[in-house]
Protein chains: 2
Amino acid sequence: MSDIYRAISDPIRRQILNMLAERELPQLEIVKSFTISQPAIKKHLAILLEEKLVLERREGKYCFYRLNTPVFEVEYQRLQNEIGRILDNKLNRLKQYLEEES
Amino acid sequence: MSDIYRAISDPIRRQILNMLAERELPQLEIVKSFTISQPAIKKHLAILLEEKLVLERREGKYCFYRLNTPVFEVEYQRLQNEIGRILDNKLNRLKQYLEEES
DNA sequence: ATAAAATATAACCATAAGGTTATATGAAAT
DNA sequence: ATTTCATATAACCTTATGGTTATATTTTAT
């Protein structure tokens, strides 16, 4: 069911997702835009793949990565429901309190 | 600057945040609502405190926890900006592509 | 055929996470 | 004063994270 929380918990992975939102990229390009090693980037990509937020496509010696937009959309929606509800609860509580006051 | 990503990456912590959204609770109540041990819950609370999403208040032998609503609000806003932008980018790209088509 | 480029994998390391049990501490009740 | 209740802390364990360097492997270019 794709743990989006795990996927986005690391700033490098968030940055990668941002890059892939603009366009499909070969691993090379992603590696070049960070200072950490190629295997380190590979591991981040592996996690994004595991969580199905990213798709890969092999073309000759290049491996292209792209955002899995449908999955990302529904998972982000899930997150907003779960986390947003926390604040909604809080606001409803406050509203209720203010109503009881009057 | 409060790493909300770290805070919400664990389902138990998300559940705790939800409970605290409803009302302030003594640690006891939180512990009772899970099957894991008291020290385990304590560690989750320590992380939520570290990330400033939760506040604690001592009253006699009880330790009360409550949501740090202002911080939570701004941090969640941040998250929505950062993550939401990923989909915005994607949508803008699509829009642009469709416009170029015509 | 060889060299070079892009990616993959292995082995390693340090630290963080998430849990446990056992025990200490501090406050409240008997 | 002593027990009891709520919390804190210590010591330990296992697995996950996030990185490294070195070395395949695969594909393309010379």
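Values in this document were obtained by computation on a predicted structure and should not be read as measured data. Just so it is clear: chains get the letters A, B, ... in the order the sequence lines come, proteins before strands, and each one is counted from 1.
- Here the C1' atom of nucleotide D:dT17 and the OH atom of B:Y5 are 18 Å apart, to the nearest Å.
- The structure places CD of A:Q15 at 9.0 Å from CD1 of B:I86, a figure rounded to the nearest 0.5 Å.
- Taking 4.0 angstrom as the limit, A:S37 places none of its side-chain polar atoms (N or O) nearer than this to OP1 or OP2 of D:dG19.
- Counting only distance, with no hydrogens or angles, the side chain of A:E24 and the backbone of A:R66 share no donor-acceptor pair below 3.5 Å.
- The separation between A:R13 atom CZ and D:dG19 atom C1' is 13 Å, rounded to whole Å.
- Taking atom CG of residue A:D10 and atom C1' of nucleotide D:dG18, one finds them 8 Å apart after rounding to whole Å.
- In this model, the phosphate group of D:dT17 is not approached by any side-chain N or O of A:H44 to a distance below 4.0 Å at OP1 or OP2.
- The CD1-C1' distance, from A:I12 to D:dT17, rounds to 12 Å in whole Å.
- D:dA6 atom P lies 5 Å from atom NZ of B:K61, rounded to whole Å.
- Near DNA chain C, meaning a heavy atom under 4.0 Å from it, residues 46-60 of chain B has B:G60 in order of number.
- Protein chain B contacts DNA chain C over a range whose 5' and 3' limits, counting nucleotides with an atom under 4.0 angstrom from a non-hydrogen atom, are C:dA17 to C:dA28.
- Side-chain atoms of A:R13 never come within 3.5 Å of backbone atoms of A:I8 as a donor-acceptor pair (strictly under, hydrogens ignored).
- Phosphate proximity of D:dA8 to B:K42: present, with a side-chain N or O under 4.0 Å from OP1 or OP2.
- Rounded to whole angstrom, the span from the CD atom of A:Q27 across to the C1' atom of D:dT27 amounts to 15 Å.
- Both B:P26 and A:P39 lie near DNA chain D, and the one whose nearest nucleotide falls closer to the 5' end is B:P26.
- In this structure, B:F64 reaches neither bases nor backbone, as no heavy-atom distance under 4.0 Å exists between it and the strands shown.
- When the nearest nucleotides of DNA chain D are assigned to A:R6 and A:A40 by heavy-atom distance, the more 5′-ward of the two goes with A:R6.
- One donor-acceptor pair, N or O on each side, does fall under 3.5 Å between the base of D:dA8 and the side chain of B:Q38.
- The residue B:F34 sits apart from the nucleic acid: no heavy atom pair falls under 4.0 Å.
- Taking atom CD1 of A:I36 as the reference point, atom C1' of D:dG19 lies 8 Å away to the nearest angstrom.
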Point to revise | From CA spacing to verdict: side-chain contact (heavy atoms from CB on, under 4.5 Å), B:Q38, B:Q27 | key: CA-CA 9 Å; B:Q38 177 260 325; B:Q27 192 189 120; 3.1 Å; yes
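- Every residue meeting the side chain to side chain contact (heavy atoms under 4.5 Å, CB included) condition with A:Q80, not counting sequence neighbours, appears here in chain and number order: A:Y76, A:Q77, B:Y76, B:Q80.
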